[in-house]
Each structure stands twice: as C-alpha cells, then as structure tokens.
Amino acid sequence: MKENIVIIGGGIAGLEAAGQLLGLGYKPIIIEKSDRLGGHVADWNCLFPDMTPAKDVVGRLIAGATEANIFLNTEISFVNKLKDSYNIMLSNGISIITKIILVTTGFSVFDASKKEEYGYGVYDQVITNRDLEHWFNTGNDRRIDDCGMNAVGFVHCVGSRDEKAKNPQCSKVCCITAVKQAIELKQKFPETMVYCFYMDLRMFGKKYEDFYIGAQRDYGIRFIRGRVSEVSENIDGRVIVKAEDTLSGKPVKVTLDLLVLMAGMVCNPDSTKVANMISLPIDSDGFLKSRDNVADIIDSPKDGIFYAGACTGPKTVPETLAEARAAALKIHLYNKTMQ
Amino acid sequence: MDFGFKISPSSAINLDNVDTVKFEQLHDMEPDVYKCMACGSCTSTCPANRFSGMSMRKVILALQRGKEKDVVSMMRNCMLCGKCTMVCPRGINTRHLILSICRIYREDGK
Amino acid sequence: MRERFLTGYNDFVLPFVFGMLFVLTYCLIGMIRLIMQLPAKDRKRFFLSLITPKILFKDIKDIFLKCLIHVDLWKRNKLLGYMHSSIAFGWFMIILVGHIEVFLYTSNLGIKALYYPIFFRYFVAETESTMKGSLIFFLMDFFLLVILSGIALAIIKRVRSRFFGMRRTTNPSFLDLVGLYSLWAIFPLRLLAESFTADISGGSFLTKSLNYVFTEFLSNHANMLPAWWAYSCALGIFFCVLPFTRYMHIPTEILLIPLRNAGIRIVNARKGLAKAQVYSCPSCGLCIDACPMGVMKSNIKDTTVYLNRQIRRNNEARIEEISDKCLLCAKCTAICPVGVEGDKLRIAQRSMRRYNFGPDYSNIDTSVLSEQCNKFVTNQNKNVSLTDSKRVLYFSGCMTALTPAIRKATESLLGKAGIEYEIMDRDGGICCGRPMFMAGRFDQAEQMVRKNTEIILGSGADTLLLSCPICYKIFREQYELPGITIIHHTELFGDLVSSGRLKVRKDDTKYVFHDPCELGRGCGIYEQPRQALSAAGDLVEAAKNRKESICCGGSLGSLTLSFEKRKAMTENALTNLTAASPDTIVTACPLCLNTFGRYADRPVEDIAQVLDRKTN
Amino acid sequence: MIYQGKQKIWADYQKEIPDDHWFYVRSCIRQNFFPGAEKMFLEICRGLLKKDFYETEHHTTCGGIAYHCDTIPQETVMTIVARQFALMTEAGYENYVASCITSFGNYIEILETWKEFPELEAKIRELLWKACKREFNKPKYVAHASDLIYKYRNEIAARAKFRLVNRHTGEPLRAVEHIGCHYAKMFPSRSIGGAEYPYVLSGMIEAWGGNVIDYPERRHCCGYGFRQYHVKANRGYSISNTYKKFESMEPYHPDFILTNCPGCPYFMDRWQYVIAETEGKTYGENGYGIPVLTYEELASLVLGYDPWDIGLQLHQVAVEPLLDKLGIEYDPSAKYKGLNRKDIMRPELPGVLRCC
C-alpha cells in the first residue's frame with residue numbers, strides 16, 4: 001500500500017501530475033471543486049503556438065488520469081495538521097489523511113468589470129478573451145455579428161501590470177493570446193480591421209514572434225502602442241476607444257464593433273483559502289510563495305506540500321505541464337526518503 | 001465675432017476617418033509595409049534624419065494614421081542610400097517602400 | 001553559262017521577292033526612325049563617326065568580326081561560336097559569291113538583279129565557260145555545307161542545350177518558331193533545289209553528287225519546280241516574319257555597332273540606342289545563366305533577354321517589374337555577345353517613371369558639413385608646412401557607416417603609410433547619389449552630386465579616397481572634381497603594397513577575392529586588390545571571377561527584391577566563391593561584406609581589414 | 001448599454017450620508033455665476049425639508065483655485081482648509097458640506113493626505129495655531145452639496161409639482177448629466193457611483209422622472225480647467241474641449257444639461273454662445289441652446305418655484321423651451337425683474353444663438 005497523495009485542483013497541472021504519479025505506481029486523489037476536469041484550458045479553443053485544439057490536450061490528460069480517485073464538486077472544508085501528516089476534510093464528508101499534498105489550484109481570470117473605464121458588463125460590445133474563446137468553441141455570442149464587423153480591438157494587459165487593479169505583475173500569456181485571437185478573428189472575418197492596443201509585446205516563447213510577424217504581415221493586424229484609457233458607447237451601440245498612440249505621441253480614438261479585453265491571471269482565491277488552511281505563505285505578487293523562485297519553484301516551504309502550475313504565478317500550458325511532471329517526480333523521491 | 005481665441009482643431013488621430021485606400025495600394029505595391037514593428041533602427045541610421053527629420057518608422061506610422069502631409073515633408077531629404085534597408089531587423093524593403101510612397105501619395109495630400 | 005529561259009523569270013521567285021522587299025523596306029524605315037529618335041547631338045555625332053575613317057574602319061571590322069564571325073561567342077564557347085559563325089558567315093559568303101557569280105555570267109540584269117543571285121542555278125544552264133568557274137561552284141557548295149553543319153548543330157542545341165554548356169535558354173515565341181523553322185528549312189531546300197538542277201546548271205561536290213542520287217528517282221526536270229518553290233517560300237516566310245522575331249537582331253546589330261562606336265549612350269529606354277540594343281538581342285539566353293537572380297527559377301523571366309522581348313511587345317507592366325527587380329550587377333552586359341546593356345537599359349527605364357513628389361536637397365546647408373572636414377584649409381591658413389604627400393579626403397560613404405571595421409582599418413592603414421587624411425563624413429554626410437541614380441531619379445542624384453562637390457572642392461584635398469565601390473562608380477562617372485584624384489581604397493592600398501610603403505606579412509592563409517560589381521565590372525578594377533592580397537597570403541580564384549563575378553545579392557540596384565528572396569542569391573555567390581576552399585573571403589565593398597557576413601560559413605573581410613592586420 | 005452593469009458598479013460606490021446637522025460652506029464663484037443656486041439649496045434643505053444647516057460669514061475660499069493654478073503652496077491651502085474646519089468645530093458641527101466641487105475635492109485630498117502623512121497634519125495644526133490661534137477637529141463627514149440633494153431626491157420627488165417629462169409627448173426628458181472633475185475622478189470611493197459612471201446626478205434625474213443620456217464624451221471635462229480659462233491665450237483650448245462635448249452629445253438631442261460644479265454650468269452655458277458666434281452652430285432645437293442647470297435649480301424647478309425667483313434669467317442659454325416642455329408657467333415680462341420687482345435691464349441679444 002502506497003502513501004495517499006492529495007492533488008488539490010483538477011486542472012491541467014493536477015491531471016498531468018496525477019497521470020505521472022499513476023505511472024510511478026501511486027494512486028493519487030484529485031479534489032476538484034467544479035463539476036468537470038481540465039480547469040481553464042478546457043474553456044479554451046485552440047492553444048498557441050501550434051493551434052492545438054485544447055480539448056485534445058485536456059482529453060489526453062483526463063484519459064491519463066482516469067485511474068486516480070477523482071472527487072468532483074468537492075471542496076476542502078478544513079485541514080487538520082496531525083503530527084506528521086494532514087487530515088483533509090472534504091465537503092462530501094470524506095476525510096483523507098495524507099503526508100503529501102500537491103497544490104494545483106491554478107489562477108483566476110481577472111474580473112474585467114473591475115476596470116470600470118473599459119465598460120465590461122456595461123457596454124454590450126465589450127467582451128473578454130475568455131468570452132471570445134467561448135465563441136470560438138460554440139459560435140454562439142449575440143455580441144459578435146456573424147455577418148462580419150468593420151473594426152475590432154484587443155486591449156492587452158487588462159488587470160495586468162496595473163497597480164490600480166492590484167496586480168502589478170505581467171500575466172505572461174495575454175500578449176500571445178491576443179495575437180492568436182486576433183489572427184483567428186481575422187481568419188473568420190478577413191475584411192475586419194483588427195487593432196491591438198499594447199504597452200509592450202512580450203513575445204518570449206517558442207514561435208511567439210512568428211505569430212506576431214504573421215499577424216502583421218499576413219493579416220494586416222494593426223498594433224497600436226498605447227494603453228486604452230477609456231471606452232465609451234456610441235449612439236449606435238458601437239464602442240469608442242481612446243488611447244495614446246505613444247509612437248506618434250498623439251491621442252488616438254477609434255470606433256469599434258467589438259472590443260476584446262485581455263483579462264490577465266490573478267491568484268485563485270481558492271489558492272489563498274487552501275494556503276490559509278495549511279498556513280502556506282503568499283508571495284508579494286499574491287500567488288503562493290515557493291521555497292525559492294529559481295531553484296525550488298515547485299516546493300512549498302513546508303515538507304510534503306508541493307506546487308505545480310499557475311498557483312505560484314502566471315504560466316503557459318507547457319510550463320504548467322513541465323512543473324506537474326517535475327512535481328510528480330519530486331513527490332516520488334520525497335516518498336522514498338520518507339520510508 | 002472675434003473673441004481673441006477660437007476652437008482649435010483636435011490633435012487626436014481619429015482612425016475612423018483615415019482613408020485606407022492609398023495605404024492598401026501601397027501594401028499591394030510593397031507588402032513589407034505591414035511588417036514594421038516600430039523599432040526605430042531606420043531612424044537612427046538615416047543620414048537624412050538630421051536634415052528633414054526623415055524617419056521610416058514615423059513614415060509608416062503616419063501613413064497608417066492618415067497624416068500624409070507629414071510624410072511628404074519628412075521624406076524631403078531622403079537620399080535613398082539604403083541604410084535603413086540594411087539595418088531593418090524585419091528585412092523591410094524600405095527603399096522600394098519610399099519610391100512607392102512617392103508614386104502613390106501626393107504633396108498636396110490629395 | 002547561259003540563260004535557260006528568255007524571260008529569266010518564274011513565278012516561284014515571287015515569295016522571295018516579296019519577302020525581300022518587305023524586310024528591306026521595314027529595316028530601312030526602322031533605321032531612319034531610330035536615327036531620328038536620337039538626340040540631335042548624338043545624331044550629329046553618329047553621322048560624323050561615319051565619315052571618320054578610323055571609326056568607319058572599326059565599324060566594318062566590328063561588323064565583320066561580331067556579326068559574321070561571332071568572335072565573342074568563339075571565345076566563350078567554341079561549339080556555339082562555330083554554330084553561329086557557320087550560319088552567318090556561310091550565308092554571307094553564299095550571298096557574296098552568288099552575286100559575283102551572277103555578275104560574272106550575266107549581263108542586262110535589270111529587275112532580275114532582285115532574285116537572280118538567289119535562284120541563279122534555276123535560270124542558267126552549264127556551258128563550257130562554266131568549268132572555268134568551277135571554283136565558284138565549289139565555294140557555293142562548300143559554304144552551303146558549312147551552313148548545313150551549323151543548322152545541324154542548331155537543331156541539336158534546340159533539343160539538348162546542355163550539350164552546348166548552356167543550362168538554360170529562352171522559350172521562343174510562336175513567331176520565333178516560325179522564323180526558326182523557316183530558317184532551318186531554307187538551306188536544306190536550297191540544297192534540294194540546286195541538286196535537282198545540278199545536271200543542267202552545274203554544281204560541285206555536294207549538289208552534283210546529290211543530283212546523281214536524285215535522278216535515280218526523279219528524271220523529269222519539271223519535278224524540280226516544287227523544290228524551288230519551297231526554297232523561295234521558306235525565304236519569303238523567313239523574311240516576312242523576321243521583323244517580328246529575334247532574327248531582327250541580324251539587321252539591327254549592323255546598325256548598333258556603328259552607333260556604339262560613335263560613343264552614343266542610352267538616353268531614353270525606348271528610343272534610339274536603347275531600341276537598337278533591344279532589337280539586337282538575339283535571344284541567345286546567355287544572360288539567363290549569367291544573371292545572379294537566375295538561381296531562383298521564378299526570376300528567370302526577369303533577365304535581360306526577357307526585358308528585351310517585353311519591350312518589343314510594349315508590355316508595360318512586365319517591363320516595369322523586370323526593370324525594378326534587377327540587381328544592376330551588369331553581368332548580363334559584360335557577357336552579352338551583341339552588347340545589350342541590360343543595366344543601363346533598366347536604369348533608363350526606371351527614369352521614365354512618374355512620381356507625385358520627390359526629394360529636394362536645396363535646404364541642406366553644406367557649410368555645416370564642410371566644417372567637419374576643413375583640416376587642410378585650416379592648416380593652410382595656419383601656414384602649417386605641407387608635406388609633399390597626398391592630402392587625402394576620405395569619404396567612407398553611407399554603407400561603410402554600418403561596417404565601421406572598414407573605416408577603422410582604412411584609417412589605420414593611412415596612418416601607417418603616413419598619409420595625411422581627413423574624413424569627409426565622420427558624423428554622416430550626403431549620399432554619393434549612386435543609389436538614387438540607380439533608381440532612375442537623375443535630377444535628385446545630380447543635386448546630391450552638386451552638394452558633395454561643393455564640400456569636396458572646399459576641403460583643400462587633392463585626393464578623394466572611397467571605400468565603397470558604389471560611391472566610387474558615381475564619383476568617377478558623374479562628378480567633376482578638377483585637380484582631385486578619385487581613388488578606391490583597393491587601388492590605394494594595392495599601390496602602397498606594390499611600392500613597398502606598406503609592408504605586409506605574408507602567411508599561408510588562403511584568400512579568395514570577390515569582385516564587387518561596381519568595382520570590377522563597374523570600374524574595371526581587378527588587379528590591384530589581387531596584387532595586394534597576394535602579398536598577404538595565398539590567393540585563390542572563385543569559379544567565376546573578375547568580369548563574371550557573381551553579385552552578392554545585397555545590391556542596392558534592385559528596387560523590389562525582398563530580403564528573403566535575396567538569400568538564395570547570396571548563397572549561390574558564396575558557393576561560387578568557396579569553390580577553391582579559401583580560408584577567408586575578401587571583398588572590397590561594405591555592402592558585399594555585410595551581405596556575405598550574414599550567410600557565410602567562413603570569415604568575410606574587407607581587404608583593408610586583411611591588410612591592416614598584416615602590416616605594422 | 002447594460003443598465004444592470006452600471007447598477008452593479010453603483011452598488012460598489014455608495015456612501016452613508018448623515019441625514020442632518022451640516023456645516024455649509026459656499027463656493028467662491030457660484031454666487032457670481034448663478035446666485036440663485038446656493039440660495040435655493042438652503043431654502044430647500046432648511047425651509048422645505050427642515051434640516052439643520054449652519055452657515056458662517058467668517059469662512060473664506062478653500063484656496064482650491066489658487067492651489068490648482070500653482071500660485072500657493074500646499075501648506076498654505078491646507079492651513080486655509082484647517083481654518084474652515086476650525087470654524088466648523090467652533091460652531092459645534094461634525095458634518096461638513098461644500099457647495100463647490102473643487103472645494104470638495106480639495107477637502108478630501110487634504111484629509112487623505114493627512115491620513116497618509118500624519119506629520120503634515122501636525123505641522124498644519126501648528127501653522128494654524130501660529131496664524132490665528134485656532135484649533136480644529138477633522139470633520140467626521142465631508143459631503144458635496146449634490147450628495148445631499150441626491151440623498152433627499154426621493155423626498156423632493158414626493159413633493160414635486162412637476163416631473164421631468166415632456167408635457168407635449170409624454171416622454172421622459174433626455175438629460176445630460178455632467179459631473180465636476182474633482183468630484184470623483186481623484187477619489188472615486190468618496191463619490192456616489194464612482195468616477196466612470198457617477199450616479200449622484202443620474203439618481204436625481206431618474207428620481208424626478210427623466211432619462212439620462214450616456215454619450216461618448218460624457219466623462220470629458222467641461223473645458224474650464226483653471227489654468228486654461230484663466231490664461232487668455234489658453235481659452236481656445238478651453239472652448240475646444242467644450243465644443244468636443246457638445247459635438248458628442250448633439251446626436252442624442254438632450255433637453256437639458258445638469259451639473260454639480262461651479263464652473264461647468266457656467267462654461268457650458270456661456271461657451272454655447274461663443275460657439276454659436278464663432279462657428280454659427282447651436283445645439284438646441286430651433287436655434288436655441290441646450291439649457292444648463294445646476295442640481296439646485298433643477299430641484300427648485302420640479303418643486304415648483306418660480307423660474308425667475310431661482311435666477312434662471314441669468315443663464316445665457318434661454319431656459320424657456322425647457323420650461324415649456326416641463327409645463328412650468330412663467331411670466332416672460334417678469335424675466336428681467338429683480339427680487340424686489342425692480343427692472344434689472346435686458347441684456348443685448350446675441351447674433352446667432354436664439355435667446356427669446
């Protein structure tokens with residue numbers, strides 16, 4: 001009989017770690033608060049840089065983790081610290097005693113309506129990146145006119161790099177997501193003028209720059225360097241966007257049929273909740289604090305508690321998966337030393 | 001009536017009013033015009049910059065913003081020497097772009 | 001010889017006579033129009049050249065050597081040379097000997113002079129006296145054989161051009177094919193017709209012998225008429241289509257040679273000399289293989305031969321495309337057997353373009369720029385004793401600003417040689433004007449030339465040193481700088497090395513020298529850089545070098561070639577350069593240095609860098 | 001526009017406003033611009049709603065204009081404000097209400113600054129003592145006068161004689177609300193409704209039966225901007241901003257503009273005349289302008305006060321078309337009669353803008 005391993009969160013990090021642990025001969029337990037696995041990635045349509053369908057990725061991960069004990073619709077009610085282990089009480093009444101916990105609680109998408117000046121939830125034609133992915137998935141959104149639109153805008157860094165939004169960090173993936181979504185939109189509506197309002201374009205990852213140059217060269221997407229200051233609604237319901245075109249040093253305004261806000265990543269409040277239950281520290285960026293941000297990103301300061309994925313900060317899918325694999329191995333080695 | 005002051009035209013760029021016909025024509029002639037990422041290498045290397053403020057980056061930007069008159073005055077001293085082509089990290093054929101602009105756009109902005 | 005028919009006429013001569021008259025009229029009118037298109041100054045110059053014995057003699061010599069013997073082709077490719085000269089010279093000799101024959105044996109020619117020399121054998125019968133002229137019979141048969149051998153080669157070339165060492169050749173148009181097949185048909189048909197009549201009119205080893213064979217099958221002489229008809233028709237067809245095919249080059253080249261010898265230059269891309277060049281193009285396709293753009297198949301139709309074809313067809317869109325794409329490396333010009341100047345033609349074509357607005361440099365104050373380089377003048381004012389050495393003004397040029405190693409090395413070498421110098425464009429200057437000139441905007445280039453001239457003349461220098469061949473070419477050709485020697489750094493350093501003022505350490509490094517287009521083909525500088533390099537190491541040659549050196553692909557000459565499309569050209573040029581496995585590629589142009597440096601698998605250096613490193 | 005979305009935001013920006021016992025300070029400039037406004041505020045609050053509003057003739061300017069024009073240092077403006085607070089303390093009040101938006105912003109800014117830098121507050125207390133031997137308690141509550149009308153809006157609605165409904169069509173009147181910049185843009189949490197979609201004036205209009213227009217340049221400044229208007233060379237800039245606002249609201253055909261700042265109604269009113277004279281353009285119906293009212297004036301109108309008693313004849317843009325829509329009867333001949341029915345003389349009529 002092997003040790004109980006509790007994975008908190010059934011997103012891609014939790015699933016991948018579970019799959020790896022199963023391969024190592026463990027029987028991990030996944031606790032997922034929602035009614036399905038896959039987390040945020042399951043809401044997405046295609047993933048950069050190769051436009052891999054998200055459901056393929058999630059499907060593979062779920063298939064690899066089916067042998068694990070999975071509790072859906074389950075939250076952690078409370079955690080008791082025992083001598084050298086934890087007693088985790090679940091909302092379904094089950095309690096688990098474990099020495100090893102893997103926290104994969106992930107992130108939350110920034111609530112774009114908090115940036116009041118962008119009018120999400122106030123103006124009809126303002127949507128978020130997540131809404132757009134939903135439309136890519138379902139083709140169903142009354143705000144998007146299937147007959148084509150004249151002009152569409154993307155606002156980068158919504159709720160990222162923004163002290164006022166209480167999130168001074170870069171959410172890392174929004175730049176490339178905006179470019180990806182802009183291209184996808186342009187593929188669907190070739191006649192539409194697409195603008196991206198950005199502060200910096202952080203095309204750090206593999207093939208990201210290709211996306212960027214492709215967006216410009218092949219799709220004619222216009223990049224305007226300047227953060228949108230305010231959005232207002234026109235008499236015909238379209239939105240007027242104001243920004244500074246910092247490259248020409250002049251204010252710029254444009255009327256758009258649709259404005260997509262690239263809502264960033266913030267720490268999942270559930271992460272904080274879990275952290276409070278097991279007294280894990282929170283880093284200055286609001287995410288969970290690792291033992292060391294360079295060498296031990298997947299280690300919590302407490303023995304037996306590990307992290308994987310976006311609970312410690314914004315991550316891309318491949319980074320999250322790599323951390324999940326690393327965490328599985330680390331857990332395996334930890335378990336060995338315990339015995 | 002003269003009040004000693006009057007309404008000044010807005011300095012804001014209204015992208016709704018920018019006529020893109022010529023810019024698209026330019027794009028047909030030299031597709032590279034879409035590739036600029038505004039790094040400014042061309043500007044810093046340009047020998048005409050000190051004379052007429054020539055900046056290929058600004059030229060491309062100004063055309064996208066409908067400021068065609070600014071373009072003509074900036075390009076006044078362009079010598080077509082090709083340094084901007086040499087330094088452009090995106091490999092934009094700036095010389096052909098310049099010649100194409102001279103063909104499509106007009107001094108009077110019409 | 002006596003005439004067989006009283007009338008001395010048969011209907012079959014009509015196709016030929018018609019064709020002949022047509023082509024002669026066409027060429028005459030064309031020639032007059034072309035000469036009228038020349039600018040008045042050039043026209044006068046042309047007529048003067050025709051009465052200047054020296055030039056006239058050269059005209060005749062050139063026409064003979066180029067049009068008939070095709071000496072240039074011989075030098076290039078013996079087989080190709082033979083093919084062309086056999087047909088051209090053979091035909092010429094047949095016409096010449098044919099006329100001599102006619103004039104020897106006939107009197108009262110009158111209108112018959114039009115066709116008698118061509119169909120003589122049909123209209124005459126052998127007599128006793130003919131035997132005295134058996135030499136003529138022999139010559140006629142001999143040259144016919146020569147032509148036939150040429151035709152045979154031409155047919156082989158059509159089928160297998162690689163056999164002639166040509167990788168690619170042109171795609172003929174429909175009329176070209178009509179002309180080609182009628183040309184091929186003329187001489188076998190003539191052989192057939194003359195062989196049929198050889199027992200009456202006489203003949204030599206070829207016709208007479210064939211006649212014996214033929215009479216075995218056809219004894220009735222009436223049957224020979226179709227052969228003569230066919231011969232005449234082939235000629236008629238050939239002449240009628242000639243103005244509309246590449247064979248127009250035959251008459252046009254005869255006009256082009258005196259025009260060129262008169263020293264006339266291309267002014268208008270569609271008129272005068274340019275037109276003569278365009279029509280002189282034989283569509284041989286040598287320029288296709290020569291063109292550096294040819295490495296990409298998509299560019300083949302943008303070579304000079306196709307430019308000529310499109311100009312003849314007035315296909316404006318394609319003319320523009322071809323003209324703008326070219327790198328202006330001038331290799332097609334260098335190898336063209338008839339002397340079509342592909343680069344100048346394109347520049348002239350570019351100059352025809354209308355722009356809505358253009359640069360103007362009148363606002364540039366040269367005094368600001370002059371202040372950067374007034375050392376010599378201040379020295380003079382301060383009465384600093386001048387050394388007897390040169391006062392060198394170094395114009396490094398725009399491109400060198402992006403390859404500062406060249407400037408640094410050049411300055412260092414000047415210092416080592418103890419030459420007093422001053423940099424003209426230390427903080428940037430005005431472009432030499434060559435790139436603008438190559439874009440066909442002559443007025444703007446001229447303005448820059450004037451501005452730079454002001455600065456140079458005011459500097460007090462006696463030598464203008466250049467490290468960029470692009471600048472060098474325009475300085476040599478368009479600038480008027482009295483009392484100032486214009487020199488490229490390869491020349492200066494070559495001379496300094498030869499004269500021993502620069503002592504270069506030699507080692508066993510293998511160098512290959514890349515001849516930059518503007519320096520080699522553009523200005524004819526081939527030897528000095530090689531001499532200098534030989535002093536520094538072991539000099540090897542590229543597969544194609546000097547006049548046939550391959551453009552690096554980075555040329556400012558091309559207006560439309562995008563960055564991505566140049567890569568293949570650069571790689572091809574590098575393959576050519578590294579054929580002899582050199583350790584280092586050496587060039588003498590900042591643009592080549594920059595371009596090669598991007599893709600080369602071994603060090604690329606400017607000659608100044610090499611020499612500087614190896615001198616103390 | 002998603003109204004529920006706005007409501008959600010408004011819910012985040014509500015403040016508890018004490019119901020009674022206020023120390024009222026006036027604006028420096030409002031009494032010159034629209035003198036009826038402040039009078040009517042006190043009339044409504046004291047006379048009609050029977051609230052306790054204390055006023056003292058000893059209060060001065062808050063120093064806000066000078067502060068924003070960079071003519072006095074921060075310590076000076078803080079000391080002036082400290083003296084106002086001292087007056088309040090001496091009068092035995094804890095709730096402080098300012099008539100002026102700039103003052104309101106100024107008080108809030110100073111109180112927030114003292115919260116962050118207590119040593120500065122101590123220094124100001126010392127300076128005040130040195131200057132005039134006074135001491136002060138910080139107000140428990142600082143409100144803007146429009147906050148109070150907002151608070152009393154339903155009571156006013158209950159007593160209203162007129163509703164903001166077009167008598168001829170039965171449709172609600174279309175109102176543009178314009179909030180003074182310093183009301184919420186500096187400290188959104190101290191406002192009603194926040195900075196992006198302030199509710200303070202919208203709430204009044206809704207309560208009294210009108211419809212609020214949301215036009216693109218709604219957030220834009222009226223164009224006053226102390227440093228702009230006060231320097232004559234910059235007045236072109238001032239009016240350009242006003243022009244931008246009018247151009248933006250024009251397609252919505254507003255019946256009137258409601259404001260809560262001293263400068264805004266004045267400039268939006270007067271600049272309509274200048275725009276008409278220079279550009280030949282008017283924004284109301286039939287060559288009229290769009291009437292610009294203060295919230296006190298509007299409250300007085302719905303409560304049935306005589307338009308001329310509340311000073312509407314001092315508006316450049318004629319209010320008569322609005323009065324007609326509301327069904328308020330007025331005596332045109334009494335328009336230019338003062339309080340004591342004395343003739344205050346008719347102004348010269350402008351050339352372009354129609355003013356009855």
Side-chain angles (χ1 to χ4, degrees), chain B residues 22 25-26 28-36 41-54 59 68-110, chain C residues 320 324-325 350 353-365 368-369 397-403 425 427-441 444-445 447-448 451-452 468 470-471 554-567 590-591 594-595 598:
Chain B
K22 281 187 174 170
Q25 220 177 316
L26 182 64
D28 290 342
M29 214 178 260
E30 182 47 70
D32 280 359
V33 69
Y34 273 7
K35 281 164 57 179
C36 176
S41 307
C42 45
T43 313
S44 57
T45 198
C46 178
N49 180 270
R50 65 199 282 202
F51 303 120
S52 67
M54 171 62 174
V59 164
E68 300 169 5
K69 278 191 175 167
D70 299 359
V71 169
V72 174
S73 75
M74 264 190 276
M75 284 175 48
R76 177 64 62 206
N77 286 162
C78 167
M79 306 176 194
L80 215 61
C81 70
K83 279 176 84 182
C84 46
T85 312
M86 293 277 281
V87 298
C88 179
R90 282 272 176 95
I92 297 175
N93 188 349
T94 49
R95 297 175 74 242
H96 189 235
L97 199 51
I98 291 165
L99 289 171
S100 304
I101 291 168
C102 289
R103 288 178 76 179
I104 293 172
Y105 293 90
R106 295 169 64 94
E107 212 153 350
D108 53 14
K110 277 174 195 156
Chain C
E320 190 159 296
D324 285 1
K325 204 174 196 180
R350 291 174 186 184
R353 184 152 312 145
R354 288 281 151 266
Y355 291 95
N356 288 336
F357 69 94
D360 175 87
Y361 310 102
S362 46
N363 62 316
I364 297 179
D365 181 7
V368 185
L369 296 162
C398 303
M399 285 300 150
T400 314
L402 298 174
T403 49
D425 53 350
D427 300 321
I430 297 168
C431 171
C432 62
R434 176 75 181 155
M436 191 61 95
F437 186 88
M438 291 200 285
R441 308 191 77 175
Q444 277 85 10
Q447 277 192 45
M448 281 187 259
K451 291 279 173 188
N452 276 324
C468 175
I470 305 166
C471 306
S555 167
L556 289 174
S558 172
L559 301 180
T560 53
L561 263 181
S562 66
F563 177 72
E564 307 91 69
K565 293 202 174 132
R566 292 170 184 251
K567 189 183 175 193
L591 195 48
N594 201 314
T595 312
R598 204 174 294 136

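A, B, ... follow the sequence lines: proteins, then strands. Residue 1 opens every chain.
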**Q.** Which atoms of C:Arg441 approach chain B - backbone, side chain, both or neither, heavy atom under 4.5 Å
**A.** side chain

**Q.** Distance in Å, C:Phe563 CZ paired with C:Thr595 OG1, rounded so as to fall on 0.5 Å steps
**A.** 9.0 Å

**Q.** ring-ring contact (aromatic ring centres under 6.0 Å, His included) against C:Tyr361, all qualifying residues, sequence neighbours excluded
**A.** none

Q) Side chain, backbone, both or neither: which part of B:Ile101 has a non-hydrogen atom closer than 4.5 Å to chain C? A) both

**Q.** Contacting moiety of C:Ser362, where chain B heavy atoms sit under 4.5 Å
**A.** neither

Scan the side chains in residues 69-76 of chain B for donor-acceptor partners under 3.5 Å anywhere in the protein, sequence neighbours excluded, and list what turns up.
residue: B:Ser73; atom: OG; partner: B:Asp70; partner atom: O; Å: 3.1
residue: B:Arg76; atom: NH1; partner: C:Gly358; partner atom: O; Å: 3.3
residue: B:Arg76; atom: NH2; partner: B:Glu107; partner atom: OE2; Å: 2.6

**Q.** Donor-acceptor under 3.5 Å (B:Asn93 side chain, C:Ser562 main chain)
**A.** no

**Q.** Evaluation steps, side chain to side chain contact (heavy atoms under 4.5 Å, CB included), between B:Met86 and C:Cys398
**A.** CA-CA 11 Å; B:Met86 293 277 281; C:Cys398 303; over 6 Å; no

Q) Step by step, would you call C:Leu402 with C:Leu591 a side chain to side chain contact (heavy atoms under 4.5 Å, CB included)? A) CA-CA 9 Å; C:Leu402 298 174; C:Leu591 195 48; over 6 Å; no

**Q.** Check: C:Arg566 side chain, C:Leu561 main-chain N or O, donor-acceptor pair, under 3.5 Å
**A.** yes

**Q.** Residue C:Arg353 versus chain B: region with a heavy atom under 4.5 Å
**A.** side chain

Q: Please look at C:Asn363 and chain B and tell me whether the side chain, the backbone, both or neither of the residue comes under 4.5 angstrom of a heavy atom of that chain.
A: side chain

Q: Could you check which of B:Asp32, B:Asn77, B:Leu80, B:Leu99 has the highest count of heavy-atom pairs closer than 4.5 Å to chain C?
A: B:Asn77

(Q) Please rank C:Val368, C:Leu559, C:Asn594 by heavy-atom pairs under 4.5 Å with chain B and give me the top one. (A) C:Leu559

(Q) Tell me the closest heavy-atom pair linking C:Pro590 and C:Met399, and the distance in Å. (A) CG-CB, 3.6 Å

Q. For C:Ile430, is it the side chain, the backbone, both or neither that has a heavy atom under 4.5 Å from a heavy atom of chain B?
A. both

Q | Smallest separation among heavy atoms of C:Ala439 and C:Tyr355, with atom names | A | O-OH, 4.4 Å

Q: With a 4.5 angstrom heavy-atom cut-off, could you sort out which part of C:Met436 is near chain B: side chain, backbone, both or neither?
A: both

Q: Against chain C, work out which of B:Met79, B:Arg90, B:His96 has the most heavy-atom pairs shorter than 4.5 Å and name it.
A: B:Met79

Q. For B:Thr45, is it the side chain, the backbone, both or neither that has a heavy atom under 4.5 Å from a heavy atom of chain C?
A. side chain

Q | Interface moiety of C:Glu564 toward chain B, non-hydrogen atoms closer than 4.5 Å | A | side chain

Q. Taking every heavy-atom pair that is under 4.5 Å apart, which of C:Asp365, C:Ile470, C:Asp360 has the most such pairs with chain B?
A. C:Asp360

